[in-house]
Amino acid sequence: MTKILLIAIAFAAAFWLLRNHRRNANRGTQSRPDLKAEDMVSCVHCGVHLPRGDGISAGQHYFCSKEHEQEFLNKR
Ligand SMILES: [Zn+2]
């Protein structure tokens with residue numbers, strides 16, 4: 001009888017550990033979009049905000065499109 005009890009306790013412990021592990025994994029994925037949102041740049045020409053990865057970089061400046069990069073460079 002004690003064997004069955006021990007097995008039951010082992011199963012409960014394993015289930016509890018698995019649930020905790022899954023909760024930690026979910027927390028990890030939730031914090032990622034926040035990090036991405038901070039990484040924003042603004043177009044030097046029109047001022048629109050966009051993710052750094054979507055922008056076109058020319059030295060220290062960022063542009064929302066190739067057209068705005070050309071217009072900015074033509075003005076100088
Ligand atoms: Zn622009």
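Numbers here are sequence positions counted from 1. We count ligands from 1, going down the list as the structure has it; atoms in each ligand are counted the same way.
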Evaluate the side-chain proximity of [Y] to [X]: yes if any heavy-atom separation is below 4.5 Å, no if none is.
X	Y	result
I56	Y62	no
V48	L50	yes
H45	K75	yes

For this session: Can you check the number of protein N/O/S atoms within less than 2.8 Å of the Zn ion (ligand 1)?
Result: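 Every protein N, O or S atom under 2.8 Å from the Zn ion (ligand 1) counted, the figure is 4.
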Problem set entry | Non-hydrogen atoms of G47 and S42 that approach each other most closely |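 Looking at all heavy atoms of both residues, the closest pair is O-CB, 4.0 Å.
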Exercise. When rounded to the nearest 0.5 angstrom, what distance separates CE in M40 from CG in D54?
Worked result: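 Reported to 0.5 Å precision, the distance equals 9.0 Å.
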For this session: Enter the distance from C43:SG to H61:NE2 here, rounded to the nearest 0.5 Å.
Result: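 Here the rounded value is 11.0 Å.
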